[in-house]
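Notes follow the structure.
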Amino acid sequence: MAFFRQKQNARSSAGSKETGQKSGGKSKDPLSNELDVNVDKVKASLGESTDLAVREIQIGANGFLRAVLLFTEGLADASAISRFMEAIMIQGSETNLSEASQKNDAILKHLEKRVLTQGGIQHVDNFDTLFDSVVSGDTVLLLEGMDKGLVICTKGWEDRSVQENQVQMVVRGPHEAFTENIRTNTALIRRRIRDRKLWLKTFSIGRVTKTDVAIMYIKGTVDDKIVEEVEKRLNSIDTDSILESGNIEEWIQDKTFTPFPTVFNTERPDTVAGNLLEGRVAILVDGTPVVLLVPVVFLQFLQSPEDYYQRSDFGIIRMLRLLSLFISLNAPAMFIAITTFHQEMLPTTLMVSIAAQREGVPFPAAVEAFLMEGLFEILREAGIRMPRAIGSAISIVGALVLGEAAVQAGLVSPAMVIVVSITAITSFVFPSFSVSIPIRILRFFLMGLAASFGLYGMFVGVIGIMLHMCSLRSFGIPYMAPSAPMILDDQKDSLIRVPSWMMKKRPKLIGANNPIRLDNAMNAAGNWDEVSGSKLAAKEEDKR
């Protein structure tokens, strides 16, 4: 943690020095009074790009004042540009903008307040701001004889509409997912949390890409120290490009060299809304549908949004996911250890059956396991990278054909094929894909220990993994909470889920600023039969 802080401080100081050199003093290139000079410089700086649109118009009475509109085709909304161009050319021509009677600032203010109907109008007086606006989809209005201009918000590029979630599927619950447009994503969250305390802050990260990165949190519920830490880590990022939220995740995670993710990611707006209500911070990156959530605990990766939409009895499925996690991690290693070093642990009939299956197999159990597991990982990657129409067919047919052929050829035993198949099935149970990656990596690690030292080596490896997980932190929050440290109040929503009316408090370590989730007015919830029955009995008694 201290090492991470030193890295962050070094990055922050380097970034501040570089920023000071770029933006301090008179380093910004100011606009010229001559319109043609400004236009020529813009064209030259953008390399005479063919998607740069330069539209010259004349405004004012009798069209005495030349003006130029600069925008990037494809990024700017053509209909919005047509509307305000009409306003400038018609209303502006009816207005007396005499050069003798109007100063530069007065003309700009008049156009801003009485002619232009667009929102988000800003002034520009240097080329740095001008270039950033043009390549971001805005339109810049420059006037003859003025060293200032107007930036008019006209962003309107084509983007993907809100569609069904393809990764974190549920049977019951919302099916919509985030898109690549950050404003659409923030709107999806605000549609679920209609509260003025839902705050949004935006940063521009990346010296070349200048990617918009936003954080959302509920003021008063989130810990202010966590918000400050998130802002500090985002401001310390000094790189030329941010193309996806995964780039942000690598920069802000607490520990780099760990297989376990310490930042949660999701494409579901309802999942983000639920975590914001618990006191977490959401990080949205323009250009990607994946939103980050911090801080995170390990059990969060085993929880599905559907757990909260079904009856609380359905929450027992979390225990099944935890069992699947244990099987996916340890099944091949345990099979190797028992069949190689601890045959006496098996019943006699089962031991004889396995020995008969392995009679003609030329490889030891460890080589079998590594061969089959490696083959399955190759098939999994092939199924993901292939076109969707044939990807699943390749993975299924490949596993069946190669597995059967390997058994018929005597290269592997049928028992090993069964173990690998069960391991593969249980690895698909996890609601979050992020947690399956470290399990797949650590599975080979435990297989190596089991092949070398038997169950003793496997148990030492499991203990080492648990100790490592207990040492992790996510923005200061213990990774294994609420189990380590043990928090009894938070057990209501950990391995099981109690009814919603019983979860009166938010997670202790995350929502400490506003711990009360609901008041005592709902104490009777879940017992309406008794309450209604008592009320009916009281009415009957009054009648008598």
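These numbers were taken from a predicted model, which means no experiment stands behind them. The analysis underlying the following values was restricted to heavy atoms, covering all of them including side chains, and did not include hydrogens, waters or symmetry mates.
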Heavy atoms, side chains only, cut-off 4.5 Å: are [X] and [Y] in contact?
X: Val272; Y: Leu293; answer: yes
X: Pro482; Y: Lys508; answer: no
X: Ser500; Y: Ser312; answer: no
X: Val124; Y: Val140; answer: yes
X: Leu243; Y: Thr211; answer: no
X: Leu70; Y: Leu142; answer: yes
X: Ser434; Y: Asn265; answer: yes
X: Ser79; Y: Asp77; answer: yes

With sequence neighbours left out, write down each residue that passes salt bridge (Lys or Arg N to Asp or Glu O under 4.0 Å) with [X], or none if nothing qualifies.
X: Asp240; answer: none
X: Lys155; answer: Asp138
X: Arg190; answer: none

Considering all heavy atoms of both residues, which atom of [X] and which atom of [Y] are nearest to each other, and what is their separation?
X: Val435; Y: Ser432; value: CG1-O, 3.3 Å
X: Pro269; Y: Phe178; value: CA-CZ, 3.4 Å
X: Gln168; Y: Pro431; value: CG-O, 3.9 Å
X: Arg280; Y: Val294; value: CB-O, 3.4 Å
X: Ser474; Y: Val296; value: OG-N, 3.0 Å
X: Leu302; Y: Arg318; value: O-CG, 4.4 Å

If the condition is ring pair (Phe, Tyr, Trp, His ring centres under 6.0 Å), which residues does Phe260 pass it with, not counting sequence neighbours?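 Expected list: none.
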After noting the C-alpha distance and the side-chain angles of Asp254 and Leu472, does the key distance pass the side chain to side chain contact (heavy atoms under 4.5 Å, CB included) rule? CA-CA 8 Å; Asp254 288 65; Leu472 294 178; over 6 Å; no
Does Val230 form a side chain to side chain contact (heavy atoms under 4.5 Å, CB included) with Ile283? I'd like the steps, not just the answer. CA-CA 9 Å; Val230 172; Ile283 304 174; 4.1 Å; yes
Residues [X], [Y]: salt bridge by 4.0 Å N-O rule:
X: Arg233; Y: Glu249; result: no
X: Lys505; Y: Asp490; result: no
X: Asp313; Y: Arg311; result: yes
X: Glu377; Y: Arg380; result: yes
X: Asp489; Y: Arg506; result: no

When rounded to the nearest 0.5 angstrom, what distance separates [atom1] in [X] from [atom2] in [Y]?
X: Leu320; Y: Leu325; atom1: CG; atom2: CG; result: 11.5 Å
X: Ile205; Y: Leu234; atom1: CD1; atom2: CG; result: 4.5 Å
X: Leu69; Y: Leu141; atom1: CG; atom2: CG; result: 5.5 Å
X: Ser236; Y: Trp251; atom1: OG; atom2: CH2; result: 7.5 Å
X: Lys219; Y: Asn514; atom1: NZ; atom2: CG; result: 12.5 Å
X: Leu198; Y: Leu277; atom1: CG; atom2: CG; result: 9.0 Å

Aromatic contact, Phe264 with Phe301 (centres under 6.0 Å):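 Yes, they do, as the ring centres are separated by less than 6.0 Å.
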For [X], give me all partners under side chain to side chain contact (heavy atoms under 4.5 Å, CB included), at least two apart in sequence or on another chain.
X: Glu228; result: none
X: Ile81; result: Phe71, Ala76, Phe84, Met85, Thr139, Thr154
X: Asp270; result: Pro174, Arg192, Arg268, Pro305, Tyr309
X: Met502; result: Val498, Pro499

Are Ser32 and Asp147 close enough that a side-chain donor and a side-chain acceptor fall under 3.5 Å?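 The criterion, which ignores hydrogens and geometry beyond distance, is not satisfied for Asp147 and Ser32.
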With no hydrogens and no angle check, just 3.5 Å: does a side-chain donor-acceptor pair link Asn185 and Glu180?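 Side-chain D/A pair, Asn185 to Glu180: absent.
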Within a reach of under 6.0 Å around NZ of Lys210, are more than 12 heavy atoms found that belong to other residues, nucleotides or ligands?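 Enclosed.
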For Glu34, does the CD atom sit with more than 12 other heavy atoms under 6.0 Å from it, leaving out its own atoms?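 No, not enclosed.
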Is there a donor-acceptor pair closer than 3.5 Å between any side-chain N or O of Glu164 and the backbone N or O of His175?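 Checked: no pair found.
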Check for a donor-acceptor pair, side chain of Ser245 on one end and backbone N or O of Val291 on the other, with a separation under 3.5 Å.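 Here the side-chain-to-backbone pair does not exist.
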Output a table of donor-acceptor pairs, distance under 3.5 Å, between side-chain atoms of residues 49-56 and any protein atom two or more places apart or on a different chain; print 'none' if there are none.
unit_1 : atom_1 : unit_2 : atom_2 : d
Ser49  : OG     : Leu46  : O      : 2.3
Glu56  : OE2    : Arg66  : NE     : 2.9
Glu56  : OE2    : Arg66  : NH2    : 3.2

Pairs flagged by salt bridge (charged side-chain N to carboxylate O under 4.0 Å, His left out) wherever residues 293-302 is involved - sequence neighbours left out: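 Qualifying pairs, neighbours excluded: none.
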Dump the intermediate steps for side-chain hydrogen bond (donor to acceptor under 3.5 Å, both in side chains) on His123 and Glu112, then the final yes or no. CA-CA 10 Å; His123 290 251; Glu112 177 183 0; 3.0 Å; yes
Where do Gln310 and Arg497 land on the side-chain hydrogen bond (donor to acceptor under 3.5 Å, both in side chains) test, with the steps shown first? CA-CA 11 Å; Gln310 301 280 4; Arg497 184 184 76 82; over 6 Å; no
Non-neighbouring partners of Ser494 that pass side-chain hydrogen bond (donor to acceptor under 3.5 Å, both in side chains), sequence neighbours left out: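 side-chain hydrogen bond (donor to acceptor under 3.5 Å, both in side chains) check on Ser494 returns Gln491.
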Could you work out, with side-chain hydrogen bond (donor to acceptor under 3.5 Å, both in side chains) as the rule, every residue matching Thr258, not counting sequence neighbours?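 Expected list: His468.
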If you apply the rule side-chain hydrogen bond (donor to acceptor under 3.5 Å, both in side chains), what do you find for Asp132 with Thr129, and how did you get there? CA-CA 5 Å; Asp132 292 342; Thr129 307; 5.7 Å; no
Given side-chain hydrogen bond (donor to acceptor under 3.5 Å, both in side chains), test Asp212 with Ser204 step by step and report yes or no. CA-CA 5 Å; Asp212 290 334; Ser204 181; 4.7 Å; no
